[in-house]
Amino acid sequence: MSKQGLNMKFKDYNDLLNECVNQKSLRGGQRVQAHMIKTQYLPPVYLRTRLIVLFLKCEVLNDARMLFDEMPERNVVSWTAMISGYSRSGFYSEALCLFVGLLRSGTAPNEFTFATVLTSCAGAFMFEYGRQIHALIVKSPFGSNIYVGSSLLDLYAKAGKIIEAQSVFESLPERDIVSCTAIISGYAQLGLHKDALELFRKLHREGMVSNYITYASLLTALSGLAAFEYGRQVHTHVLRSKQPFYIVLQNSLIDMYSKCGNLTYARRIFDNMPERTVVSWNAILMGYTKHGNGKAVVDLYNMMKEENKVKPDSTTLLTVLSGCSHGGIENIGLELFDEMANGNDGIDLGIEHYGCVVDLLGRAGKVERALQFIKDMPFEPNGAIWGSLLGACRAHMNVAVGKIAGARLVETEPENSGNYVILCNLYASEGNWDEVRKLRDLMKEKAVMKEPGKSWIEFGHTLHTFYASDRSHPRKEEVFLKVRELSERVKEAAGYIPDLSSVLYDVDEEQKEKVLLGHSEKLALAFGMISICDAKPIRIMKNLRICVDCHNFAKLVSQVYKREIFIRDKSRFHHIASGMCSCGDYW
DNA sequence: ATAGGGTTAG
């Protein structure tokens with residue numbers, strides 16, 4: 001800026017600032033600002049706002065805020081720019097505070113403001129506040145704006161109100177790829193994977209042109225369904241469509257393949273990535289964790305630290321600890337926890353990380369030490385912690401500690417029926433039938449019906465779903481006969497004894513066995529034995545944790561029929577072959 | 001001038 005620049009006017013400043021915004025030049029903006037001060041030029045609202053936008057773009061939020069606070073007057077664009085700056089950087093509550101300031105100042109928000117502020121509500125989990133803003137929008141002329149609409153439906157979806165989200169989506173005067181992706185991902189994020197997939201297919205038929213965000217959301221749903229064939233089709237399609245291969249999409253592919261049981265494909269994508277984020281590492285680590293491959297988890301974690309390009313986050317640490325536990329390398333896990341707790345990574349450990357240590361100690365049979373650890377830890381133990389300890393007590397038949405954990409669990413989560421089952425088994429093992437009876441009464445009174453158990457299996461490009469004692473499948477007769485046949489055969493050949501203590505209904509023994517044979521994973525297994533060719537392994541998915549009896553049943557089937565079985569339950573993969581399971585019977 | 005949807009974990 002030379003001498004003749006000293007009497008610069010609005011237009012000159014404006015041109016200069018536009019140039020700076022385009023080039024994202026912070027220094028340029030600062031020079032313009034200094035020049036204005038030097039020449040005592042008082043910039044109008046418009047130019048001040050341009051400068052704020054530039055600072056926000058360069059991520060110097062505090063400088064932008066200072067300019068904003070110094071403004072003698074503001075218009076809706078200045079407010080909105082500042083609000084969206086906070087929102088983009090994740091300072092949602094700051095953004096919401098400013099929105100309140102805007103309303104107080106008597107400025108009328110516009111469609112840009114509403115779109116931004118709804119995103120902030122979702123980010124800050126302030127759904128009730130979002131609903132109030134929705135009421136403002138209804139009174140405003142912006143209800144039919146597509147940006148406002150997609151932001152609003154996303155807010156409802158993230159609040160778990162999918163019906164409201166769907167109705168906002170349907171009321172949109174027009175649809176574009178963003179609003180379509182928002183509703184698909186809404187279903188996927190809520191675990192309504194089947195609905196997400198169906199909606200995707202419908203919108204696709206209607207001509208939706210997907211982009212990489214749409215595919216990432218779709219892949220979340222396919223991971224949940226473990227729909228391997230479909231997932232692979234999406235992968236090929238994405239490759240063929242020659243979109244730039246975004247990291248987010250590769251991350252979803254890693255997750256999809258590992259949740260479909262194909263770690264080889266997942267690892268191939270991971271290895272070939274030119275750039276990785278922490279999510280890429282977490283996704284592949286989680287894959288090995290769920291498959292019980294503790295060594296691979298630790299190797300990868302070391303590789304990550306050696307490479308030193310991507311910093312681990314708290315999810316990484318959690319996954320690594322959980323990987324050591326599921327992978328049966330308790331000592332290494334405990335060592336790593338000490339390292340983490342001493343702050344090498346500068347990440348605060350949460351109660352979940354301490355929960356992993358309880359798992360590690362419990363799995364190693366150090367149940368008393370686990371109890372002591374819980375007493376010493378800097379958190380108030382919650383249901384997950386006591387549940388983990390109770391699981392260890394069941395596996396190692398430690399009735400004394402089990403009573404303590406069980407008592408605390410019945411207090412903290414009286415509605416969880418699974419806890420009663422384990423506790424009853426423990427008391428039954430020492431013949432304390434009085435206590436068993438009391439617990440059953442308590443359970444009848446307090447426990448609620450959990451999510452119904454279901455299992456599914458991919459065959460002939462279709463997912464076949466089974467519920468407990470299901471009679472809806474077209475081949476049900478065949479399936480029931482096959483379950484009986486399997487049961488008789490493993491009884492004879494391998495001494496299968498149904499674990500009747502897992503059934504808590506008050507019915508006779510014959511009925512109990514019937515209940516056990518009706519479990520959804522046994523139905524899916526029988527269906528797989530009928531329909532899938534002998535050479536192929538059977539892959540079953542289950543929405544809850546597999547029960548002890550079904551686990552045992554599958555092991556014996558694998559032994560007697562010489563068949564490889566993969567079961568993905570809520571917590572991990574069980575790779576079952578020759579009568580043994582990769583989980584080491586601890587899950 | 002200012003705006004919406006996305007990947008891992010529990």
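A, B, ... follow the sequence lines: proteins, then strands. Residue 1 opens every chain. Atoms considered below: every heavy atom in the structure, side chains included; atoms not considered: hydrogens, waters and symmetry mates. Since the structure is predicted, the reported quantities are computational estimates derived from the model, not experimental observations.
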Do the side chain of [X] and the main chain of [Y] share a donor and acceptor less than 3.5 angstrom apart?
X: A:Ser325; Y: A:Leu321; result: no
X: A:Thr116; Y: A:Phe112; result: yes
X: A:Ser87; Y: A:Ile83; result: no
X: A:Arg572; Y: A:Trp587; result: no

Under 3.5 Å donor-acceptor pair, [X] side-chain atoms to [N] base atoms:
X: A:Asn251; N: B:dG6; value: no
X: A:Tyr212; N: B:dG6; value: yes
X: A:Ser151; N: B:dG4; value: no
X: A:Thr315; N: B:dA9; value: yes
X: A:Asp176; N: B:dG4; value: yes

Check your understanding: Once you round it to whole Å, what is the distance between P of B:dT8 and OH of A:Tyr288?
Key ->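 Value for this atom pair: 18 Å.
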
Practice item. Using whole Å, report how far CG of A:Asn145 lies from P of B:dG5. Key: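 Taking atom P of B:dG5 as the reference, CG of A:Asn145 is at 13 Å.
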
Mind checking if [X] touches a base, just sugar-phosphate, or nothing, with heavy atoms under 4.0 Å?
X: A:Ile146; answer: base
X: A:Thr277; answer: nothing
X: A:Lys570; answer: nothing
X: A:Glu111; answer: base
X: A:Thr49; answer: base
X: A:Arg74; answer: nothing
X: A:Asn14; answer: nothing

Practice item. Answer whether the closest heavy-atom distance between the side chains of A:Leu54 and A:Gln23 falls below 4.5 Å. Key: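 A side-chain contact is absent here, since even the closest heavy-atom pair is not under 4.5 Å.
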
Point to revise | Close side-chain approach of A:Trp281 and A:Glu307, heavy atoms under 4.5 Å | key: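 A:Trp281 vs A:Glu307: side chains touch.
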
Kindly point out which of [options] is positioned nearest to the side chain of [X]?
X: A:Asp255; options: B:dA3, B:dG5, B:dA9; result: B:dA9
X: A:Lys290; options: B:dA1, B:dG10, B:dG6; result: B:dG10
X: A:Asn110; options: B:dA3, B:dG5, B:dT2; result: B:dT2
X: A:Tyr147; options: B:dT8, B:dT7, B:dG4; result: B:dG4
X: A:Ala81; options: B:dA3, B:dA1, B:dT2; result: B:dT2
X: A:Met286; options: B:dT8, B:dA3, B:dG6; result: B:dT8
X: A:Ser150; options: B:dT7, B:dG4, B:dA3; result: B:dG4

Review point. For A:Lys259 and B:dT7, is the shortest distance between a side-chain N/O and OP1 or OP2 below 4.0 Å?
Key: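 For B:dT7, OP1/OP2 do not have a side-chain N/O of A:Lys259 under 4.0 Å.
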
